[in-house]
Amino acid sequence: MMARLRRKACIALFLFTLFIFGTMMGLRTLKPSDGFSDLAPGLELMPFAEQPEKRSASSEVISHPQGTVNPQDHTNVYNDIHIFYYMWYGNPKFDGNYIHWDHVMVPHWDPKISASYPKGRHSPPEDIGSSFYPELGPYSSKDPEVLEEHMRQLRAAAIGVLVLSWYPPGTADENGEAVEDLVPLILEAALKHNIKVAFHIQPYKGRDDRTLHDNIKYIIDNFGSHPAFYRYKTSTSKSLPLFYIYDSYLTPPESWANLLTLTGSHTVRNTPYDAVFIGLLVEEGHKHDILTAGYDGIYTYFASNGFSYGSSHQNWKSIKSFCDTNNLMFIPSVGPGYIDTSIRPWNNHNTRNRVNGKYFETALQAALTVRPEIVSITSFNEWHEGTQIEKAKPKKTATRLYLDYTPHQPDLYLVLTRKWAEHFNKEKEQWLM
């Protein structure tokens with residue numbers, strides 16, 4: 001009798017422990033473990049280089065739609081939904097070889113840690129530098145059919161502004177090749193679907209206030225008159241280009257002030273090259289640097305909640321308050337999840353599980369709670385970091401089992417984005433009332 005009771009007690013204790021463990025793992029995917037995950041104050045992983053809160057009218061997370069999006073049924077897009085887009089992919093048919101899909105496995109900076117992780121490059125098409133596999137396969141960004149399909153997906157998701165990752169002519173990221181000649185093709189493809197194109201200026205060797213001045217002049221001179229070129233209507237009814245400046249903190253605020261303040265030595269303010277400039281907030285102190293530098297707003301980019309001060313949802317209320325006080329725009333960046341272990345095998349602690357779309361919806365709700373004017377999405381197709389909302393398909397090879405969006409359809413995140421874009425715009429109408 002006693003043995004039977006002990007056995008039952010052991011089983012009950014085991015099941016209770018299993019339940020607690022499962023609950024903790026579920027919460028881990030939605031919130032940072034300690035505000036900054038396992039990162040040092042200086043951010044170990046550097047990617048390549050108030051108004052009183054009013055609760056939103058609907059604070060519930062929108063449930064997953066069951067069906068799929070038919071692009072023909074949805075023609076409206078919203079210019080207050082921006083999405084980061086990458087044109088650095090290549091394949092043998094269009095480029096002579098694979099570009100970016102064969103991404104190198106980046107070694108850890110500590111040789112002792114690095115020694116225990118795989119090295120080398122990925123070998124497409126079966127083995128690509130991503131934990132997910134695109135429905136289009138390892139495509140080329142030069143393929144006109146791919147560009148057309150991307151625009152259809154963006155329109156299906158109701159996204160009005162594609163924010164193009166951009167390097168100056170003749171330059172590229174360290175794993176890519178120069179693709180400046182693609183910009184006109186992207187503008188033309190976007191135009192057909194009523195989508196606008198803004199620019200996400202990446203860090204490159206020698207980037208500073210003077211070279212950025214040259215970049216802005218080049219972009220506006222070459223593309224500013226295209227009907228798909230995005231312009232933001234300011235509170236003073238000016239219609240200005242909008243530029244996101246990635247890793248803006250790499251240049252001292254005093255240097256940016258030469259370009260971005262009214263009294264700067266080579267200011268763009270009140271010239272034909274004036275624009276809305278959005279700086280990247282990573283650490284809390286960057287708020288003041290962005291203000292001193294003369295930027296017009298702040299974005300947070302990273303899709304890993306807790307990875308940085310800026311990307312932690314819990315900090316968005318105070319960031320928005322700082323922005324409101326200082327007449328800055330706050331553009332929170334939301335993402336569907338994060339996993340970059342295919343290219344940084346040692347970085348598992350920054351993985352954020354998608355939880356079948358719940359992580360994305362939690363981020364979107366956090367963004368709407370602070371009543372932003374614009375929401376940015378990281379990303380449409382940054383496959384290396386697993387932040388893409390582009391369609392992915394199930395894929396298994398002899399050596400790889402890729403993640404996918406099952407039990408939902410490949411367009412799950414397009415469906416969710418449209419649902420939230422429509423919700424966001426209904427909420428904005430109520431805020432204005």
Side-chain angles (χ1 to χ4, degrees), residues 61-87 132 134-136 139 141 145-165 186-187 189-198 200 228 230 244 299 301 303 331-338 354 356-368 372-383 385-393 404-406 408-428:
V61 170
I62 294 175
S63 61
H64 297 307
Q66 294 303 308
T68 61
V69 162
N70 177 354
Q72 302 311 317
D73 296 341
H74 301 290
T75 52
N76 59 316
V77 294
Y78 297 98
N79 283 359
D80 51 13
I81 305 291
H82 295 191
I83 194 161
F84 298 110
Y85 182 93
Y86 295 85
M87 57 175 177
F132 293 86
E135 187 178 69
L136 296 173
Y139 55 77
S141 297
E145 290 180 12
V146 166
L147 288 182
E148 174 63 21
E149 172 59 21
H150 282 175
M151 300 307 159
R152 279 198 295 264
Q153 290 187 31
L154 289 168
R155 192 183 70 203
I159 294 163
V161 180
L162 175 163
V163 184
L164 187 62
S165 178
I186 287 169
L187 285 162
L191 181 62
K192 283 195 276 182
H193 294 273
N194 197 29
I195 292 165
K196 303 295 183 189
V197 177
H200 192 196
Y230 176 64
Y244 291 86
Y299 76 117
Y301 187 77
I331 305 180
S333 303
V334 302
Y338 187 93
R354 292 189 174 221
N356 292 325
K358 288 187 178 67
Y359 181 92
F360 192 36
E361 294 193 284
T362 300
L364 284 157
Q365 184 60 63
L368 264 60
E373 191 176 341
I374 292 168
V375 172
S376 57
I377 297 173
T378 306
S379 64
F380 180 74
N381 64 340
E382 218 298 7
W383 289 90
E385 296 183 343
T387 62
Q388 80 292 336
I389 68 164
E390 184 183 353
K391 292 181 182 182
K393 67 179 180 183
D404 56 54
Y405 307 158
T406 55
H408 299 281
Q409 297 297 316
D411 66 352
L412 169 64
Y413 293 95
L414 309 179
V415 177
L416 289 177
T417 302
R418 170 167 286 278
K419 195 111 178 170
W420 277 89
E422 290 170 351
H423 179 57
F424 178 38
N425 277 272
K426 282 182 192 145
E427 292 276 283
K428 280 173 94 172

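What you are looking at is a predicted structure, and each value in this text was computed from that prediction instead of being measured.
- Residues His82 and Tyr230 place their aromatic rings such that the two centres sit under 6.0 Å apart.
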**Q.** Worked check of side chain to side chain donor-acceptor pair (under 3.5 Å) between Glu149 and Gln153
**A.** CA-CA 6 Å; Glu149 172 59 21; Gln153 290 187 31; 2.9 Å; yes
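- Distance check, rounded to the nearest 0.5 Å: OH of Tyr301 to NE2 of His200 gives 6.5 Å.
- Arg354 contributes atom CZ, which lies 7.5 Å from atom OG1 of Thr387 (distance to the nearest 0.5 angstrom).
- Taking 4.0 Å as the cut-off between side-chain N and carboxylate O, Glu422 and Arg418 count as a salt-bridged pair.
- Residue-environment remark: CG (Asn194) stays at or below the threshold of 12 foreign heavy atoms within 6.0 Å.
- Between the OH atom of Tyr78 and the NZ atom of Lys428 there is a distance of 11.0 Å, given to the nearest 0.5 Å.
- If you take NZ on Lys358 and CG on Leu416, they are separated by 10.5 Å, rounding to the nearest 0.5 Å.
- In this structure, Lys393 has no salt bridge (Lys or Arg N to Asp or Glu O under 4.0 Å) partners at least two apart in sequence or on a different chain.
- When ring centroids are compared, Tyr244 and Phe84 come within the 6.0 Å threshold.
- Note that CG of Leu162 is 7.0 Å distant from CD1 of Ile195, once rounded to the nearest 0.5 Å.
- You'll find the side chain of Glu390 stays beyond 4.5 Å of the side chain of Glu135, heavy atoms only.
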